[in-house]
K.L.:
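I'd like to ask some things about the structure below.
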Amino acid sequence: MGERVFVTGGSGLIGGALVDRLVADGEHVVALARSDAAAAFLTARGAEVVRGDLLDEAALDAGMRGSAVAYNVAGVNTLCPTDPAPLYRVNRDGASAVVRAAAAAGVRRLVHTSSAATLGEPEGTVGAEDSPHRGYYLSDYERSKTEGEQAVGEEAGRTGLDVVCVNPSSVQGPGRTGGTGRILLALLDRRLPVFIDTRISVTDIADTVEAHVLAAQRGLTGRRYVLCGATMTTAEAFALLSRVSGRVVRPRIVPAAVASAAGTVAEAAFRAARRHPPFCRAMVRTMLHGHVYDGSRAAQELGLRYTPVEETLRRTLQWARAEGLVRA
């Protein structure tokens with residue numbers, strides 16, 4: 001049996017894939033689970049389960065005791081929350097609690113899953129680890145993850161804990177059905193008749209997991225590592241999706257003003273009906289802003305090799321067809 005490692009967020013997309021990888025590598029994985037469903041999911045994957053909430057520092061401490069490395073992958077990822085409070089509770093306050101607990105438990109290193117959104121690069125520029133922040137936020141998600149990364153840095157400075165941050169761009173691949181993954185599946189299935197002109201940055205789920213493991217092994221203390229395997233314009237994305245699916249993917253491009261108005265109307269209608277809006281102003285703002293990221297530091301310092309985006313999309317389509325999420 002390898003080293004004892006601790007994971008939060010192990011029932012999510014990235015966390016689940018990371019648990020699978022760590023177990024396969026022979027590590028003794030201890031994972032935090034808040035619910036019975038999460039506990040069952042993690043146990044089935046070969047992890048030892050510790051029950052508790054992300055803000056339950058006693059449970060975190062108990063789970064981390066004897067762990068060489070801890071991975072804080074827990075996060076709420078939505079651009080259209082019905083209530084933004086859970087975003088800040090998990091992404092900011094929970095992240096801060098994990099650092100305190102890891103320091104108290106004597107963990108050697110914490111790898112914190114942040115987001116490329118925290119770079120806050122001005123529109124039309126390339127986001128990198130040292131990009132100046134534009135000074136405002138496109139969404140509560142972006143703000144909560146930014147404040148979370150800042151809180152992690154502050155607590156690390158106060159406690160002396162060795163922390164490395166991993167900042168993925170949009171994570172895609174088999175298993176991704178929410179957020180931008182839902183949009184990708186709708187495009188592949190030609191269920192999305194309109195779209196906007198933007199720029200998209202993506203990272204393969206397998207590369208994201210690999211980067212976490214490499215960050216634990218090779219990352220420099222206090223560094224952040226942006227993950228970006230490919231950046232595409234809307235036109236380039238449509239051409240690639242058409243090639244991968246064997247069907248023409250070419251939604252009609254709508255003007256920014258029309259998209260913004262549609263986001264406002266859709267959000268108001270769903271909120272009036274007390275339903276979760278699948279489409280909202282923050283989503284439109286984020287998509288219109290577009291994102292181009294430089295993921296070269298992770299390649300140079302960690303040795304990460306990015307999967308070609310066409311391979312990512314082919315695997316995603318194959319998985320989606322097998323799951324009945326797109327028409328064969």
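Numbering starts at 1 and runs along the sequence shown. As the structure is a computational prediction, the values presented were derived from the model and not from experiment.
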K.L.:
Taking ILVMFWY side chains as joined if any heavy atoms are under 4.5 angstrom apart, and letting links pass through other members, which residues group with Tyr136?
P.N.:
Leu138

K.L.:
Within this structure, what is the CG-CG distance for the pair Leu188 and Leu325, rounded to the nearest 0.5 Å?
P.N.:
10.5 Å

K.L.:
Taking side chain as C-beta onward, heavy atoms only, is Leu240 less than 4.5 Å from Glu310?
P.N.:
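Yes, at least one pair of side-chain atoms sits under 4.5 Å.
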
K.L.:
If you compare all heavy atoms of Thr203 against all heavy atoms of Gly229, which two are closest, and at what distance to 0.1 Å?
P.N.:
OG1-N, 3.6 Å

K.L.:
Kindly say whether Glu27 contributes a backbone atom to a donor-acceptor pair with the side chain of Asp25 at under 3.5 angstrom?
P.N.:
no

K.L.:
Could you tell me if the side chain of Leu241 sits less than 4.5 Å from the side chain of Leu313, heavy atoms only?
P.N.:
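Leu313 reaches Leu241 side chain to side chain.
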
K.L.:
Is it the case that over 12 heavy atoms from other parts of the model lie below 6.0 angstrom from the CD atom of Gln318?
P.N.:
no

K.L.:
Let me see the working for Arg34 and Leu54 under side chain to side chain contact (heavy atoms under 4.5 Å, CB included), right down to the final yes or no.
P.N.:
CA-CA 8 Å; Arg34 187 177 63 174; Leu54 199 62; over 6 Å; no

K.L.:
Is the shortest side-chain heavy-atom distance between Leu288 and Thr198 below 4.5 Å?
P.N.:
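Answer no - side chains too far apart.
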
K.L.:
Do Ser201 and Thr231 pair up side chain to side chain, a donor and an acceptor below 3.5 Å, judged on atom types alone?
P.N.:
yes

K.L.:
Hey, what do you get for CZ (Arg65) to CG (Leu60), rounding to the nearest 0.5 Å?
P.N.:
12.0 Å

K.L.:
For Tyr137, enumerate each residue passing the side chain to side chain donor-acceptor pair (under 3.5 Å) test, keeping only those at least two apart in sequence or located in another chain.
P.N.:
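Partners of Tyr137 under the side chain to side chain donor-acceptor pair (under 3.5 Å) test: none.
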
K.L.:
Taking side chain to side chain donor-acceptor pair (under 3.5 Å) as the definition, give me every residue that meets it alongside Glu142, ordered by chain and number, with sequence neighbours left out.
P.N.:
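Side chain to side chain donor-acceptor pair (under 3.5 Å) check on Glu142 returns Arg134.
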
K.L.:
Anything under 30° is parallel, anything over 60° is perpendicular, the rest tilted; go ahead and classify Tyr293 against His291.
P.N.:
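Ring orientation of Tyr293 relative to His291: parallel.
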
K.L.:
Can you name the closest pair of heavy atoms from Glu149 and Cys165 and give their distance?
P.N.:
CG-SG, 4.0 Å

K.L.:
Using a 3.5 Å distance criterion without hydrogens, assess whether the side chain of Arg218 forms a donor-acceptor pair with backbone atoms of Leu302.
P.N.:
yes

K.L.:
Rounded to the nearest 0.5 Å, what's the gap from CG on Leu18 to OG1 on Thr113? Could you check?
P.N.:
7.5 Å

K.L.:
About how many Å separate CD of Glu3 and CZ of Arg108, when rounded to the nearest 0.5 Å?
P.N.:
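Here the rounded value is 5.0 Å.
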
K.L.:
Are Val171 and Val292 grouped together when hydrophobic residues (ILVMFWY) are joined by side-chain heavy atoms under 4.5 angstrom apart?
P.N.:
no

K.L.:
Does any part of the side chain of Glu121, heavy atoms only, come nearer than 4.5 Å to the side chain of Val126, both counted from C-beta?
P.N.:
no

K.L.:
Report yes or no: does Thr8 contribute a side-chain atom to a donor-acceptor pair with the main-chain N or O of Val73 at less than 3.5 Å?
P.N.:
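Yes, because the side chain of Thr8 sits within donor-acceptor range (under 3.5 Å) of the backbone of Val73.
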
K.L.:
Taking atom OG of Ser35 and atom CG of Leu42, what is their separation to the nearest 0.5 Å?
P.N.:
8.5 Å

K.L.:
Give a yes-or-no answer on whether the side chains of Tyr88 and Asp140 include a donor-acceptor pair shorter than 3.5 Å.
P.N.:
yes

K.L.:
Would you say the side chain of Leu87 lies within less than 4.5 Å of the side chain of Arg143, judging by non-hydrogen atoms?
P.N.:
no

K.L.:
Sequence neighbours left out, what passes salt bridge (charged side-chain N to carboxylate O under 4.0 Å, His left out) with Glu57? Give chain and number order.
P.N.:
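Expected list: Arg100.
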
K.L.:
Using the side chain to side chain contact (heavy atoms under 4.5 Å, CB included) definition, which of the options Leu317, Val326, Asp189 pairs with Ser245?
P.N.:
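The single option meeting the side chain to side chain contact (heavy atoms under 4.5 Å, CB included) with Ser245 is Leu317.
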
K.L.:
Rounded to the nearest 0.5 Å, how far does OG1 of Thr307 lie from CG of Asp207?
P.N.:
3.5 Å

K.L.:
Where the side chain of Lys145 meets the backbone of Asn77, is there a donor-acceptor pair that is under 3.5 Å apart?
P.N.:
no

K.L.:
What pairs with Arg182 under salt bridge (charged side-chain N to carboxylate O under 4.0 Å, His left out), at least two apart in sequence or on another chain?
P.N.:
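Here no residue qualifies.
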
K.L.:
To check you understand the geometry: which heavy-atom pair defines the closest contact between Val49 and Thr43, and what is its length?
P.N.:
CG2-OG1, 3.4 Å

K.L.:
Would you say that Glu210 contacts Arg305 through its side chain, given a criterion of any heavy-atom pair below 4.5 Å between the two side chains?
P.N.:
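No, every pair of side-chain atoms sits at 4.5 Å or beyond.
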
K.L.:
Go through the steps for Asp130 and Arg297 under the test salt bridge (Lys or Arg N to Asp or Glu O under 4.0 Å), then give the verdict.
P.N.:
CA-CA 11 Å; Asp130 54 358; Arg297 176 184 285 182; 5.6 Å; no

K.L.:
Side chains of Val202 and Thr312: closer than 4.5 Å at any heavy-atom pair?
P.N.:
no

K.L.:
Work out which heavy atom in Ser170 is nearest to a heavy atom in Arg176; give both atom names and the distance.
P.N.:
OG-NH1, 4.2 Å

K.L.:
Please step through side chain to side chain contact (heavy atoms under 4.5 Å, CB included) for the pair Met64 and Val98, ending with a clear verdict.
P.N.:
CA-CA 10 Å; Met64 290 184 188; Val98 168; 3.7 Å; yes

K.L.:
Do you reckon Val226 sits in the same ILVMFWY cluster as Tyr71, going by side-chain contacts under 4.5 Å, direct or chained?
P.N.:
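In one cluster with Val226: Tyr71, no.
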
K.L.:
Which ILVMFWY residues can you reach from Val265 by hopping between side chains whose heavy atoms are under 4.5 Å apart?
P.N.:
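Noted: Val265 shares its cluster with no other residue.
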
K.L.:
Leu119, Leu227: one ILVMFWY side-chain cluster at the under-4.5 Å cut-off?
P.N.:
no

K.L.:
If I compare all heavy atoms of Ala105 with all of Asp61, which pair ends up nearest, and what's the gap?
P.N.:
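In terms of heavy atoms, the two residues are closest at N-OD2, 3.9 Å.
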
K.L.:
With Asp36, which residues qualify under salt bridge (charged side-chain N to carboxylate O under 4.0 Å, His left out), at least two apart?
P.N.:
Arg51

K.L.:
Would you please name every residue forming a side chain to side chain donor-acceptor pair (under 3.5 Å) with Arg92, sequence neighbours left out?
P.N.:
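Arg92: side chain to side chain donor-acceptor pair (under 3.5 Å) contacts with Glu147.
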
K.L.:
Using distance only, find each side-chain donor-acceptor pair of residues 249-264 under 3.5 Å and give its atom names and separation, not counting sequence neighbours.
P.N.:
from: Ser260; atom 1: OG; to: Ala256; atom 2: O; distance (Å): 3.1
from: Thr264; atom 1: OG1; to: Ser260; atom 2: O; distance (Å): 3.1

K.L.:
Determine, stepwise, if the pair Thr180 / Met287 fulfils side chain to side chain contact (heavy atoms under 4.5 Å, CB included).
P.N.:
CA-CA 10 Å; Thr180 52; Met287 293 179 68; over 6 Å; no

K.L.:
Are any side-chain N or O atoms of Ser131 and backbone N or O atoms of Ala128, one a donor and one an acceptor, separated by less than 3.5 Å?
P.N.:
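Yes, Ser131 side chain to Ala128 backbone: donor-acceptor pair under 3.5 Å.
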
K.L.:
Strictly distance-based, threshold 3.5 Å: is any side-chain N or O of Glu311 a donor or acceptor partner for the main-chain N or O of Pro308?
P.N.:
no

K.L.:
Going by the rule salt bridge (charged side-chain N to carboxylate O under 4.0 Å, His left out), which residues pair with Arg285 if we only count those two or more places apart in sequence or in a different chain?
P.N.:
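Checked Arg285 against salt bridge (charged side-chain N to carboxylate O under 4.0 Å, His left out); zero matches.
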
K.L.:
Contact between Val69 and Gln217 at the side-chain level, heavy atoms closer than 4.5 Å - yes or no?
P.N.:
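No, too far: nothing below the 4.5 Å cut-off.
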
K.L.:
Tell me, which pairs form a ring-ring contact (aromatic ring centres under 6.0 Å, His included) where one or both residues lie in residues 210-262, sequence neighbours left out?
P.N.:
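Residue pairs with at least one partner in residues 210-262: Phe195-Phe238.
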
K.L.:
Please check this pair: side chain of Thr234 against backbone of Ile196, looking for a donor-acceptor N/O pair closer than 3.5 Å.
P.N.:
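Indeed, once roles are kept as given, a pair shorter than 3.5 Å links the two residues.
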
K.L.:
So which heavy atom on Arg109 is nearest to which on Ala216, and how close?
P.N.:
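In terms of heavy atoms, the two residues are closest at NH1-O, 3.4 Å.
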
K.L.:
If the condition is side chain to side chain donor-acceptor pair (under 3.5 Å), which residues does Glu267 pass it with, not counting sequence neighbours?
P.N.:
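With neighbours one apart ignored, the set is Arg271, Arg281.
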
